[in-house]
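Read the structure below first, then the notes.
Scope of the values below: all heavy atoms of this structure, side chains included, with no hydrogens, waters or symmetry mates.
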Amino acid sequence: MTILTDAIRELQRTVCDLHAELTRYNLVTWTSGNVSGRVPGEDLFVIKPSGVSYDDLTAESIVVCDLDGKLVAGDLSPSSDTDAHAYVYRHRADVGGVVHTHSTYATAWAARDEPIPCVLTAMADEFGGEIPVGPFALIGDDSIGRGIVETLAGHRSPAVIMKNHGVFSIGKDARAAVKAAVMCEDVARTVHIARQLGEPKPIPADDIDRLYDRYQNAYGQ
């Protein structure tokens with residue numbers, strides 16, 4: 001079994017705490033959904049254990065897996081989505097965090113097999129265009145992970161809504177992936193409401209590019 005270094009323990013605490021953001025923003029129900037984070041400099045990641053209540057999560061209960069999804073430290077079984085997370089980490093060296101949710105509005109778009117069009121400046125800022133739909137895939141192997149990687153390869157979006165399933169988001173670290181999941185649900189809700197009132201107006205591609213560049217490279221401290 002892998003020895004828990006200070007870096008791993010710190011990441012376990014961070015990932016444990018970030019699960020509270022999923023409940024805070026109503027992105028999950030019961031024990032669904034999960035956050036994972038890559039261990040810096042190691043072929044390892046930490047992830048929520050399967051079927052454990054958010055109220056019962058502790059840093060010590062967050063398990064450690066290798067990039068094949070094999071448990072290497074921890075007493076509990078890893079999330080049922082572990083293979084999907086592992087596939088993303090194996091094929092996207094730039095990804096340091098992965099999040100999965102079944103948030104209501106974004107998952108409604110997934111049920112319709114329809115991408116969320118870029119009709120809001122907040123979408124241009126965070127996603128650089130539409131939020132794409134990934135293929136239908138069953139849980140149990142790395143099919144979901146393969147769909148995530150293949151779909152996002154042609155997009156700037158850090159989030160994908162997997163057909164008939166839910167949201168997967170990625171980021172440079174686990175916090176960035178959580179932010180993308182929160183933003184995905186927020187814009188999914190707004191665009192859904194807009195469609196009840198009429199047809200939302202798309203933002204021109206050149207303006208999307210300018211908005212994305214400003215937000216990614218100039219916004220904030």
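Under the 4.5 Å side-chain criterion, counting only non-hydrogen atoms from C-beta, D66 is not in contact with D43. At a threshold of 4.5 Å between non-hydrogen side-chain atoms, the residues L71 and S77 do not count as touching. The shortest distance between side-chain heavy atoms of D56 and S61 does not fall below 4.5 Å. Side-chain contact between V46 and V39: present, with at least one pair of heavy atoms (C-beta onward) separated by less than 4.5 Å. Looking at heavy atoms from C-beta onward, F45 lies out of side-chain contact with L11 at the 4.5 angstrom threshold. Using a 4.5 Å heavy-atom threshold, the side chains of E126 and V187 count as separate. The closest side-chain heavy-atom distance from L138 to S143 is not below 4.5 Å. You'll find the side chain of L22 reaches within 4.5 Å of the side chain of Y54, heavy atoms only.
Looking at Q12, its side chain never comes within 3.5 Å of a backbone N or O of V63 through a donor-acceptor pair. Judged purely by atom type and a 3.5 angstrom limit, R13 has no side-chain atom pairing as donor or acceptor with the backbone of A59. Between the side chain of S169 and the backbone N or O of A177 there is at least one donor-acceptor pair closer than 3.5 Å. Side-chain atoms of H19 come within 3.5 Å of backbone atoms of V35 as a donor-acceptor pair (strictly under, hydrogens ignored). One N or O on the side chain of E185 and one on the backbone of Y105 form a donor-acceptor pair closer than 3.5 Å. Of the possible polar contacts, one joining the N217 side chain to the D213 backbone as a donor-acceptor pair under 3.5 Å is found. The main-chain N or O of V52 is found under 3.5 Å from a side-chain atom of K48 such that the two form a donor-acceptor pair. Side chain of R38 to backbone of Y89: a donor-acceptor contact under 3.5 angstrom is found.
Nearest heavy atoms, I208 versus G129: CG2-N, 3.9 Å. Between I131 and A159, the shortest heavy-atom contact is CG2-O, 3.6 Å. The minimum heavy-atom distance linking A73 with L4 is given by the pair CB-CD2, 3.8 Å. Considering every non-hydrogen atom in both S157 and E130, the closest pair reads CB-O, 3.9 Å. Taking both residues in full, the closest heavy atoms of Q216 and D125 are given as NE2-O, 2.9 Å, listed atom of the first, atom of the second, then distance. The two residues A111 and N164 make their nearest non-hydrogen contact at O-ND2, 3.8 Å.
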Show your reasoning for whether side-chain contact (heavy atoms from CB on, under 4.5 Å) applies to I203 and M123. CA-CA 10 Å; I203 299 173; M123 288 191 68; over 6 Å; no
Show the numbers, then the answer: is there a side-chain contact (heavy atoms from CB on, under 4.5 Å) between V133 and T151? CA-CA 7 Å; V133 179; T151 303; over 6 Å; no
Working note: H192 + W109, criterion side-chain contact (heavy atoms from CB on, under 4.5 Å); need CA distance, chi angles, decisive distance, verdict. CA-CA 9 Å; H192 171 79; W109 287 85; 4.2 Å; yes
Could you check E42 against T2 for side-chain contact (heavy atoms from CB on, under 4.5 Å), going step by step and ending with a plain yes or no? CA-CA 11 Å; E42 303 283 348; T2 295; over 6 Å; no
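No more than 12 heavy-atom neighbours from other residues, nucleotides or ligands sit within 6.0 angstrom of CG on D6. Counting non-hydrogen atoms of other residues, nucleotides and ligands closer than 6.0 Å to CD of E114 gives a total above 12. More than 12 heavy-atom neighbours from other residues, nucleotides or ligands sit within 6.0 angstrom of CZ on R156.
Linking ILVMFWY residues whenever their side-chain heavy atoms come closer than 4.5 Å, directly or via other members, places V28 and I170 in the same cluster. No single ILVMFWY cluster, assembled from side-chain heavy atoms under 4.5 Å apart, contains both I116 and L27. V167 and V98 end up in different hydrophobic clusters when Ile, Leu, Val, Met, Phe, Trp and Tyr side chains are linked at under 4.5 Å. Note: the hydrophobic cluster containing V182 does not contain I193 (ILVMFWY, side chain heavy atoms under 4.5 Å, direct or indirect links). Residue V64 is grouped with residue L76 when hydrophobic side chains (ILVMFWY) are merged at heavy-atom distances under 4.5 angstrom, including chains of intermediate members.
For the atom pair NZ of K70 and CG of L44, the computed distance is 12.0 Å after rounding to the nearest 0.5 Å. Taking OG1 of T101 as the start and CZ of F168 as the end, the distance is 9.0 Å to the nearest 0.5 Å. Atom CD1 of I62 sits about 9.5 Å away from atom CG of N34, to the nearest 0.5 Å. Note that CZ of R175 and CG of D17 are 8.5 Å apart. Values are rounded to the nearest 0.5 Å. I161 contributes atom CD1, which lies 12.5 Å from atom CD1 of I148 (distance to the nearest 0.5 angstrom). Interatomic distance, CG of L211 versus CG of D206, reported as 11.0 Å (0.5 Å rounding).
Listed by chain and number, the residues in a side-chain contact (heavy atoms from CB on, under 4.5 Å) with H102 are S32, H100, T107, H165 (sequence neighbours excluded).
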